[in-house]
2 protein chains.
Amino acid sequence: MTQTAETFSIRQMCDAFDVTARTLRFYESKELLFPIREGTSRHFTKQDRARLTLILRGKRFGFSLEDIRQLLEMYNRDGSNEAQLTRTYLIAQDRLSQMQAQRAELDEAIADLKTQLVEGEKRLAQFARSARTAAE
Amino acid sequence: MTQTAETFSIRQMCDAFDVTARTLRFYESKELLFPIREGTSRHFTKQDRARLTLILRGKRFGFSLEDIRQLLEMYNRDGSNEAQLTRTYLIAQDRLSQMQAQRAELDEAIADLKTQLVEGEKRLAQFARSARTAAE
DNA sequence: CGTTACATTTACGTTAACGTCACCCTATCT
DNA sequence: AGATAGGGTGACGTTAACGTAAATGTAACG
């Protein structure tokens, strides 16, 4: 039993998420992933896959791995301790407002960029006109 | 005339944008900003301010400075060359679709996080109930 | 049994994005 | 004139997030 249907090997993870093995080992060393260690090799569970999805997503929004690690704590059954749970709850609330702010900003940025694209189109059209004129 | 109403000193920039002088000099060295050099000191124009706004915004979305630099090219009157303009136009289009994808993902992430917060609230409420029970 | 394919650890290398330090200039206040 | 404030240029240091290389283990294939 080198792998069940439930777990992924490191290669399968690499293929599924388009990351290198080094990255997965690195994330494990940073306590972002917790694959089962059977003998020498790693077996990544469904939980690890969910975590990795969140990690990669977080990265796309500019969060550091340490930020993400703290967020992931809340996705754990770690709430044994009330103080701990309260703390991570507050962190998550904070993160939520950050993301909502980011969303507003993203909308703004998209609008800006669209405006710029229209500008670019106008200028490209100008080039097209000059070319036509030159041809006559 | 050490500064007009139109330009900012490096300190004013630092205060206005909450960055260090080192950062501004670094951005200049990377050709992201182009302050006027009057003798020894720098004078940041309105254009520099607009650029810096875009730089900081880009960073918040996880773009690298080099990515941002390329984007900023389009915000320039640099379209002297048609090929160049076309190239930056395509880059911008690409960036736009990236940001739109990011927006969709962000919405998803926000929804996820909200769900988790509700979970957290339930568990905190559970703690509150146990406390009441213990008090009786 | 050799080798091919994958896996692991250890450890040094790399890149981006600044921080920090040392040293220098110069304008201005006292 | 001396001190203080603010700006400038190297140049080396630092941190995050991996890359890369060397040495080793092991499972299966022909």
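Order of the sequence lines fixes the chain letters, A, B, ..., with proteins taken first and strands second; residue numbering starts at 1 for each chain.
Linking ILVMFWY residues whenever their side-chain heavy atoms come closer than 4.5 Å, directly or via other members, places B/Leu56 and B/Leu54 in the same cluster.
Looking at heavy-atom distances under 4.0 Å, A/Arg25 makes contact with a base.
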Dump the pairs, protein N or O against N or O of nucleotides 19-21 of chain D, anything under 3.5 Å, distances to one decimal.
{"from": "D/dG19", "atom 1": "OP2", "to": "A/Thr20", "atom 2": "OG1", "distance (Å)": "2.8"}
{"from": "D/dG19", "atom 1": "N7", "to": "A/Arg22", "atom 2": "NE", "distance (Å)": "3.1"}
{"from": "D/dG19", "atom 1": "O6", "to": "A/Arg22", "atom 2": "NH2", "distance (Å)": "3.1"}
{"from": "D/dT20", "atom 1": "O4", "to": "A/Arg22", "atom 2": "NE", "distance (Å)": "3.1"}

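In this structure, the CZ atom of B/Phe44 is 11 Å from the C1' atom of D/dG7, given to the nearest Å. B/His43 places its NE2 atom 10 Å from the P atom of D/dG7, with the value rounded to the nearest Å. Remark: P of D/dT26 and CZ of A/Arg37 are 14 Å apart, rounded to the nearest angstrom. Taking atom CZ of residue A/Arg42 and atom C1' of nucleotide D/dT26, one finds them 15 Å apart after rounding to whole Å.
With a 6.0 Å cutoff to the six-membered ring centre and a 45° limit on the axis angle, A/Arg51 does not count as a cation-pi contact of A/Phe34. A cation-pi arrangement is found for A/Arg95 relative to A/Phe63, the charged atom lying closer than 6.0 Å to the ring centre and inside a 45° cone about the ring normal. Under a cutoff of 6.0 Å and an axis angle of 45°, A/Arg49 and A/Phe8 form a cation-pi pair.
Ion pairing between A/Glu6 and A/Lys46 fails under the 4.0 Å rule for side-chain N and carboxylate O. A salt bridge is defined here as a Lys NZ or Arg NE, NH1 or NH2 lying under 4.0 Å from an Asp or Glu carboxylate O, and A/Glu28 with A/Arg37 meets this definition.
On the nucleic acid side, DNA chain C contacts chain B at distances under 4.0 Å to non-hydrogen atoms, with the end points of that region at C/dA17 to C/dT20.
Among pairs with a residue in residues 9-25 of chain A, none fulfils salt bridge (charged side-chain N to carboxylate O under 4.0 Å, His left out), at least two apart in sequence or across chains.
At D/dG6, none of the side-chain N or O atoms of B/Ser41 fall inside 4.0 Å of OP1 or OP2 (strictly under the cut-off).
At least one side-chain heavy atom of A/Tyr27 sits under 4.5 Å from a side-chain heavy atom of A/Leu65.
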